[in-house]
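Not measured: the values here are computed from a predicted model. Note that ligands are numbered from 1 as they come in the structure, with each ligand's atoms numbered from 1 the same way. Throughout, residue positions are numbered sequentially from 1 according to the sequence presented.
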Amino acid sequence: MRGILVTLSVLFAVYTVLVYGVGDRLDTDRANSGIRSGMRVWQERNCQSCHQLYGLGGYMGPDLTNVASLREEPRIRTFIRYGTGRMPALAVSDVEMDHLIAFLKWVDRSGTSKVPPETVHWTGTYLINEH
Ligand code: HEC
């Protein structure tokens with residue numbers, strides 16, 4: 001009986017250190033102030049009304065979760081600055097544009113919005129580095 005209690009206590013301590021110690025340190029990609037400003041521009045200009053992040057948002061334009069790795073940066077800047085026939089030109093300042101780009105890159109690093117079915121493991125997990 002005592003052995004079980006001691007074992008459980010030790011496991012609890014190890015688990016706690018792993019979850020709150022190591023786990024916390026792995027999460028190093030916190031949003032700096034530029035990225036947070038970019039998110040504010042994203043919200044103020046209502047990009048979400050036409051675009052999705054992780055599939056959530058309007059459906060007039062494409063999902064932009066991974067646009068930073070799918071498209072060249074100059075193309076992204078040109079779309080935002082000049083618009084197209086279907087997307088309006090959004091008068092963002094140069095600084096706001098830099099912050100928006102930083103925000104889109106940060107979102108891109110956070111994961112993949114469209115998971116190709118062949119990369120899903122039978123356990124239901126998906127490893128980004130596997131492809
Ligand atoms: C009124 C709807 C609308 C709003 C608001 C809007 N967009 Fe778009 N956006 C579009 C459409 C539609 C397209 C596709 C245009 C095309 O292919 O001609 C697009 C395309 C883009 C692209 C290029 C995507 C690609 O795969 O090449 C980027 C980047 C982009 N938008 C960023 C933004 C950002 C950032 C904002 C907010 C500052 C924004 N958009 C606001 C409708 C919108």
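Counting heavy atoms from C-beta outward, D63 and H51 have side chains that stay 4.5 Å or more apart. With contacts defined as side-chain heavy-atom distances shorter than 4.5 Å, the pair R45/V92 qualifies. F103 has its side chain within reach of L53: a pair of non-hydrogen atoms, C-beta onward, lies under 4.5 Å apart.
For atom 5 (C) of ligand 1, the closest non-hydrogen atom on the protein side is C50 SG, 3.6 Å. Looking at atom 8 (Fe) of ligand 1, its nearest protein heavy atom turns out to be H51 NE2, 1.9 Å. Scanning the protein for heavy atoms near atom 22 (C) of ligand 1, the closest one is F79 CD2, 3.6 Å. The shortest contact between atom 27 (O) of ligand 1 and any protein heavy atom is with R75 NH2, 2.7 Å. Nearest protein heavy-atom neighbour of atom 12 (C) of ligand 1: M60 O, 3.5 Å. Closest protein heavy atom to atom 29 (C) of ligand 1: I76 CG2, 3.6 Å. In terms of protein heavy-atom proximity, atom 36 (C) of ligand 1 is closest to C47 SG, 2.8 Å.
Taking every heavy atom of I80 and a limit of under 4.0 angstrom, the matching atoms of ligand 1 come to 32 (C), 35 (C). Each of the atoms 1 (C), 3 (C) of ligand 1 lies under 4.0 Å from some heavy atom of P88. Within ligand 1, counting atoms from 1 as listed, the ones closer than 4.0 Å to a heavy atom of L90 are 36 (C), 37 (C), 38 (C), 39 (C), 41 (C). Listed by number with element, the atoms of ligand 1 under 4.0 Å from a non-hydrogen atom of R45 are 38 (C). Applying the 4.0 Å criterion to heavy atoms of T84 picks out, from ligand 1, the atoms 15 (C), 16 (C), 18 (O).
Remark: side-chain polar atoms of E44 are not paired, donor with acceptor, to backbone N or O of V41 under 3.5 angstrom. Formation of a donor-acceptor pair under 3.5 Å by the T112 side chain with backbone atoms of K114 is not found in this model. S113 places no side-chain N or O within donor-acceptor distance of the main-chain N or O of T65, the cut-off being under 3.5 Å. Put simply, the side chain of R36 gets close to the backbone of A31: a donor and an acceptor are under 3.5 Å apart. N66 places no side-chain N or O within 3.5 Å of a backbone atom of S69 that could act as its donor or acceptor partner. Without hydrogens or angle criteria, Q48 side chain to L56 main chain gives a donor-acceptor distance under 3.5 Å.
Residue contacts with ligand 1 for P62 involve side-chain atoms from C-beta outward but no N, CA, C or O (heavy atoms, distance under 4.0 Å). Heavy atoms of L64 found under 4.0 angstrom from ligand 1 belong exclusively to the side chain.
Atom-to-atom distance recorded for K105:NZ and E73:CD is 4.0 Å, nearest 0.5 angstrom. Considering CG of N32 and CD1 of I35, their distance stands at 4.0 Å, rounded to 0.5 Å. Of the inter-residue distances, the one linking D94 atom CG with R77 atom CZ reads 8.0 Å to the nearest 0.5 angstrom.
When the options E73, R71, R86 are ranked by their closest heavy atom to atom 16 (C) of ligand 1, first place goes to R86. Considering only non-hydrogen atoms, atom 11 (C) of ligand 1 lies nearest to M87 out of M87, E96, E44.
Checked against a 3.5 angstrom limit, the closest N/O atoms of N46 and ligand 1 fall outside it. For ligand 1, the polar-atom distance check finds no N/O of S49 at less than 3.5 Å from any of the ligand's N/O atoms. Where the criterion is an N or O separation shorter than 3.5 Å, residue side chain and backbone included, W42 fails it with respect to ligand 1.
Taking 4.0 Å as the cut-off, G85 does not count as a neighbour of ligand 1 on heavy-atom distance.
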